[in-house]
Structure formats: structure tokens, C-alpha cells
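Chain letters run A, B, ... following the sequence lines, proteins first, then strands; residues in each count from 1.
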Amino acid sequence: MLHRRIIAFRRCRAPPMSVVTRFAPSPTGFLHIGGARTALFNWLFARHHEGRFCLRIEDTDRARSTPEAVAAIFDGLTWLGLGWDGEPVSQSARAGRHAEVARVLQERGHAYPCYASAEELVEMRDAARAAGRPVRYDGRWRDRDPADAPPDTKPVIRFKAPTEGETSIDDQVQGRVTVANAQLDDMVLLRADGSPTYMLAVVVDDHDMAVTHIIRGDDHLTNAFRQLQLYRALDWTSPAFAHIPLIHGPDGAKLSKRHGALGVDAYRDQGFLPEAMVNYLLRLGWSHGDDEIIDRAQAIAWFDLAGVGKSPARFDAAKLTSLNAHYLRRADDRRLVRLVLERLCARYPDGLVAEAEARLLRAMPGLKERARTVVELADAAAFLVLPRPVVRDADADRILDPTGRARLAMLVGVLRAVSVWEPESLERAVRDHLAAAGPGGPKLRDLAQPLRAALTGRTVSPPIFDVMAVLGREESLGRLADTLDGSGAD
RNA sequence: GACCCCAUCGUCUAGAGGCCUAGGACGUCACCCUUUCAAGGUGAAAACACGGGUUCGAAUCCCGUUGGGGUCGCCA
């Protein structure tokens, strides 16, 4: 740990070099939570160092890449506020450059054509597995005369990897990791159709984009060795590597669809705020002492690779929710009104009352205090914007038993007499009424709950006198009348 | 299976050989406040995986065991 901090310190003090990071997702689906965190770390690192954060779409496998997925990635990053610098790079557009580099490698004797068929390779792997040997390409075309090439067969181009010695990377998160070169086989650089594989494309693109720090999931750790070998064969300086631990599902296994962890858009649908998401993701695998609530500006100021932990973290929706509640309470009222209105309009196609927006805005301070997600916020706000009569739930009905109704009926007169329809005067009127009844009579809650049930249709709401003020005199008395008039029918 | 990585409360984590009677946060439970629910306040239960070393002293360093994870494609 000490060692890592010192390295980080030195890096900070080094003459200003311009940091370039990149996020390089493959567009085969939505932006999932792990990808979002990788993007966040890259973004924060670049912003912290006042460098560039680039986006590259790894679509070299065109069969599995879709424009919808690319759009989903842009959307996800935009929603999270992780803007990228410059135009996104499409890896497939650079195939010519990749092939050119492969040619250079071949000319320098670092690559060779391989004519092994798909069947041969399967046999090779099966045999190795059966014999308990490591599963890898055996290098059968490595030193073979190209004259032996079978006719009418297009070869793949393989990297001639060192077979002896070892390769080490000094990872900014994992420390120094070493592997024996004998463990690494000759990877394919160019497919038979001349298209590049990921392994070649990343190296070429990262180099051409002048990437200085590769921050990615540690499922790429073993790739780093082969990539480093490529950098060396090409005589290029390698970027620094930082392999961050993966995020696991609640069961400790690699996060996947079956955990219900979907794209970031799913979290937006569930009512999470991007700032909460970012704060949560940041704390998953990175820490700054005991700090928990870290806003964007603070994150940029504090973020470093030394604070990244080495062990995988599990995704915990409860903590995300709690963080979300925190940010919801501090969110701008107008913004929340917009978000709530969006949902309510979709949910109630028959339309909302004309006063909907005004009521929501006035009630928002009381509403947002009680919700953890935008979904809960919309649920709790619905009673304000739906036309009369109020739809009551079972708990509210229970409150409005004969006793509750009797108390309500008495209150109507008291409320009617209130001249200024504001929370303070309404509360004073009701409390005075209570005091007049003397000790031993009903408590405030005995009146507040029936009021709440009649006015909101629920047993839970913001302070009831605030609710009355938001609804206004006419609407409030109207709702009470609805309730009382219907008493015979209930 | 081979290679690589990881290991502190249920979860996220603090911890840089003595500041540790192991701290914080989420969650859980209790109490207070109270107009319901939240919020807030107070408190409680809850962890250094195991075994060996090194050291005057180990959560921290080393080795092993166990457990978990990742990677082994003409996927990325």
C-alpha cells in the first residue's frame, strides 16, 4: 500500500504529461453497470489530470455489433454525465491501418501466416484438454515454409510470441504481475478475411490515439501481457495499465443479466438519479478514507488509482437506494417536477388536472424528503394531480370509519372558518379546536389521519396542513365533501 | 485442468507493524423526536477465512491451506 501511494505521488509530481484515457466498449448490448464504472474511472482520472477522455467503439466483430447498442452506450454515458472528448472512434473504420501494422510485423519477422483449419484447432484444443496440457495453439506454422501452404486456403496472420522468459506488467492497481511466456501462445492478429482481431486493434488504436493510461476491468489482465509483447515488437512505448476488479452480483458471481442488473437505462427507469449512480459506482472499489457522500467536483479532485482496491465488490441495491434518497432530497425542485410529470403523464393517459405542475412544485420540498427514488416520488405525488374524487387505499378506508368520519364532519366547519388558507393558520385552527374540547379528548393525530385519508387517499403523506395549502381551499373542502357525501354508499 | 488475481461486520469499506478495546457507511433492531411517513438524534447486535512463521509486538510482512474470482476463440 505504501509502495503504491509513493508511485502515485511520483506520478503526480512528474512533469505535466497530458493524460489520455479511453473507454472502449464493444457494442453488443447496453451500457451495463460494470462498463459504466470503468467509464467513470477513466473519466475521473482524465478530468483529475486535466487530460482527455476518449471513446472508442470496439466493433471489429461486425456481426455482433448493432447501431442500437452504440446508441445505448452514448445515451448511458450522457445520462451519467460522462462526456467524452472529440469524436468517438469506430474501430472497424480503422481496419486498413490494422492490416498495415500486421504487415509491418510480418516484415520484421514478428508475425507469420498460419494455415491451420478450424477443425485442426478444435482437435488441438481437445487433445490438449484431454491430456491435461494447457490449451493453446501449438505453433505448427510458426517456422514452416510458406511453400507448404495448402492450395486455395487463406491464412490467418499470427503473432510470433516469445516462447522463453517471462513478461511482467507494472499494473497501477494490481502491482507487478508476471507470467511465463510459455503460457502465451501465438495469437491471431488478422483473420483469414484480412480483418483485424481485437488484440491487434486495441494496441494499434491505443497507440494511435496516444492513450497514456488503460483503465479497464481485470478480465483483461491476461490480455495485457500479449498486448505488451505487441508494443515491444512494434517498438512502441506501452501505456500504463490499471486493471480494476470486476463487480459481482449479490451472490458473488460475475455480474450478469440474471442478477437483474441491466443497462444503466434500467436504473434510470427505476428512478435513480445519475449523481447517485455515479457516487455509488465510485465507492464500489475506490475509497477516500471514510468519505461516503462524494459529489462530482469532489470526486474529480480526489480520484486516484492508488485508492482503487484489489478485491471484487458486490452490487448492493440497498446502498444505491440510500444514496439516491440523499441526492433526491438535495435535487432541484423544478428538475424533480419534470421527472415526476413525465412518469405521471405516462401512467395516467386520461390526463392530469390543470394545476398539476404548480401543485407539484409547491409540494416538492415535502415530497422529496419522503421518497428514495423518482418512482416513489411519483407514487407519492399522484394524489395531487389526479382529478376528484380521490381514490383511497384500504388503509385510508380503515381510518375513515364512523369515528373518523364524525371527526372529519366536525372539522369541516372549523376549516371553512379559516380565513387565510395557509399551513400555519390551518394548524392553529385545528389545534384551537382541539384545545376547546379539553383534555381527554382526541389528539391531533386523531384528526390529522382522517384528514390525510380523505385528502390524499392514503395514510402517508407530507404534513397534512402543507397538503391542504397546496391543494387550496376549494379543492380541499371539495375532497372532504366527496368523502363525507359518499359515507352512506361506502 | 493450466495460468493469474483476490480475502476485515450480511454488503461497501477505513487500516501504510504499536495510535485497534478493529473505525465509518448501507442494511437490521431498540429508543427519542413527532401530525402519518420520512428525515434527524441516541444506542445495540455484527468482521480481521484457517494454519504456520518473522518480530519485543501482526488485520498489516512471508509461506502454506481453504474459499472466491478472472482468463485460456479467426469474441471483445
Side-chain angles (χ1 to χ4, degrees), chain A residues 1-6 24-28 58-61 63-65 91 114 116 118 121-122 125 128-137 154-158 171 174-175 177-180 182-185 187-193 195-199 201-202 217-223 225 243 245-246 248 250 252-254 280 283-293 309-323 325 329 366 368-372 380 395 399 427 430 443-449 451-453 456 458-465:
Chain A
M1 188 55 94
L2 178 60
H3 182 61
R4 272 166 52 199
R5 299 264 178 194
I6 289 172
S26 61
T28 52
E58 311 242 314
D59 52 359
T60 43
D61 183 16
R64 297 209 313 177
S65 306
Q91 194 159 65
C114 166
L121 293 175
V122 171
R125 276 192 278 274
R129 219 184 294 272
R133 279 182 286 116
V135 181
R136 61 179 81 102
Y137 174 69
K154 288 264 185 198
V156 302
I157 303 301
R158 283 185 186 271
D171 194 281
Q174 306 288 337
V177 187
T178 302
V179 75
Q183 294 297 327
L184 277 12
D185 64 0
M187 61 187 160
V188 172
L189 263 19
L190 244 35
R191 303 187 180 101
D193 67 1
S195 65
T197 60
Y198 161 80
M199 214 56 95
V202 240
D218 73 6
D219 49 341
H220 284 282
L221 185 59
T222 50
N223 291 335
F225 299 106
H243 289 94
L246 265 16
H248 289 172
K254 190 179 181 179
Y280 178 70
R283 282 290 288 109
L284 216 50
W286 179 85
S287 61
H288 183 271
D290 283 337
D291 295 300
E292 297 284 350
I293 304 290
K310 296 174 79 172
S311 49
R314 296 186 192 202
F315 185 83
D316 179 19
K319 186 149 182 175
L320 204 213
T321 303
S322 135
L323 235 18
R329 270 178 249 126
K368 68 185 182 183
E369 181 86 7
R370 298 170 163 73
R372 298 180 303 171
D395 288 335
I399 295 292
E427 176 166 356
V430 173
K443 304 280 185 214
L444 180 55
R445 61 171 299 164
D446 297 322
L447 300 186
Q449 281 307 79
L451 270 177
R452 199 179 320 270
T456 74
R458 307 207 176 184
T459 53
V460 173
S461 85
I464 197 59
F465 300 112

Gap between atoms CD and C1', on E292(A) and G27(B) respectively (whole Å): 13 Å
Would you mind pulling out the nucleotide paired to U21(B), Watson-Crick or G-U wobble, both distances under 3.5 Å? none
Quick one: does V156(A)'s side chain get under 4.5 Å of L189(A)'s, heavy atoms only? no
Roughly how many Å is it from CG in L284(A) to C1' in C26(B), rounded to a whole number? 12 Å
If pairing means Watson-Crick or G-U wobble with both distances under 3.5 Å, then the partner of U35(B) is none
Spacing of F315(A) atom CZ relative to U13(B) atom C1', expressed in whole Å: 17 Å
If pairing means Watson-Crick or G-U wobble with both distances under 3.5 Å, then the partner of C75(B) is none
Mate of A46(B) where both pairing distances stay under 3.5 Å, Watson-Crick or G-U: none
With B for base contact, S for sugar-phosphate-only contact and - for none (protein heavy atoms under 4.0 Å), nucleotides 67-74 of chain B reads --SSSSSB
Are T459(A) and Q449(A) side-chain neighbours, meaning at least one heavy-atom pair lies under 4.5 Å? yes
Q174(A) atom CD is separated from C3(B) atom C1', nearest whole Å, by 15 Å
Taking all heavy atoms of Q174(A) and all of H243(A), pick out the closest pair and write down the distance. NE2-O, 2.8 Å
Using the C1' atom on both, measure C12(B) against G64(B) and round to a whole Å. 30 Å
Measuring only the P atom in each nucleotide, how far is U71(B) from A76(B)? A whole number of Å is fine. 15 Å
Non-hydrogen side-chain atoms of T197(A) and M187(A) separated by less than 4.5 Å: no
Tell me, for nucleotides 31-46 of chain B in 5' to 3' order, what letter each nucleotide earns: B for a base near a protein heavy atom under 4.0 Å, S for only sugar-phosphate near one, - for neither? ----BBBBS-------
Using every non-hydrogen atom in the two residues, find where F225(A) and V177(A) come nearest and quote the distance to one decimal. CE2-O, 3.3 Å
If we take the C1' atom in both G1(B) and U13(B), what is their distance in whole Å? 35 Å
Do V202(A) and E58(A) touch side chain to side chain, with heavy atoms closer than 4.5 Å? yes
Considering only heavy side-chain atoms of A313(A), the closest of C26(B), U13(B), C4(B) is U13(B)
Rounded to whole angstroms, how far apart are CG on L184(A) and C1' on C4(B)? 11 Å
Is a side-chain N or O of R136(A) found less than 3.5 angstrom from the main chain of A128(A), in a donor-acceptor match? no
Interatomic distance at C1', U11(B) relative to G53(B), whole Å: 33 Å
With rounding to whole Å, what would you report as the distance between C33(B) and G41(B) at their C1' atoms? 8 Å
Is a side-chain donor-acceptor pair under 3.5 Å present for R452(A) with T456(A)? no
Roughly how far apart, to the nearest Å, are C74(B) and A14(B) at atom C1'? 48 Å
With sugar-phosphate meaning primed atoms plus P, OP1 and OP2, does T321(A) contact a base, only sugar-phosphate, or nothing at under 4.0 Å between heavy atoms? nothing
H288(A) atom NE2 is separated from A16(B) atom C1', nearest whole Å, by 15 Å
Suppose we define a pair by two distances each less than 3.5 Å, Watson-Crick or G-U wobble; what does C9(B) pair with here? none
Using a heavy-atom cut-off of 4.0 Å across all strands, would you classify Q183(A) as base, sugar-phosphate, or nothing? sugar-phosphate
Can a side chain N or O of K310(A) be found less than 4.0 Å away from OP1 or OP2 on C6(B)? yes
For a quick check of understanding: with a heavy-atom distance under 4.0 Å over all strands, which category does G217(A) fall into, base, sugar-phosphate or nothing? nothing
In this structure, how many angstroms lie between the P atom of C75(B) and the OH atom of Y198(A), rounded? 14 Å
So do the side chains of C114(A) and Y137(A) get within less than 4.5 Å of each other, counting heavy atoms only? yes
Distance between the C1' atoms of A45(B) and C6(B), in whole angstroms? 29 Å
Please state the P separation for the pair G15(B) and C61(B) - nearest whole angstrom. 13 Å
Taking atom types as modelled, find out whether R372(A) and T321(A) have a side-chain donor-acceptor pair closer than 3.5 angstrom. no
Over all heavy atoms of both residues, which pair between R370(A) and G366(A) is shortest? Give the atoms and the distance, please. NH1-O, 2.6 Å
Nearest atoms (heavy-atom pairs only) where P245(A) meets G309(A): CG-O, 3.1 Å
For residues T60(A) and P196(A), report the shortest heavy-atom separation together with the two atoms involved. CB-O, 4.1 Å
If you compare all heavy atoms of L444(A) against all heavy atoms of F465(A), which two are closest, and at what distance to 0.1 Å? CD1-CZ, 4.2 Å
Distance, rounded to the nearest Å, where I293(A) contributes CD1 and C12(B) contributes P: 18 Å
Could you work out which one of G24(B), C5(B), A76(B) sits closest to the side chain of Q91(A)? A76(B)
Using the 3.5 Å cut-off, write out each protein N or O paired with an N or O of nucleotides 48-50 of chain B and the distance between them.
none

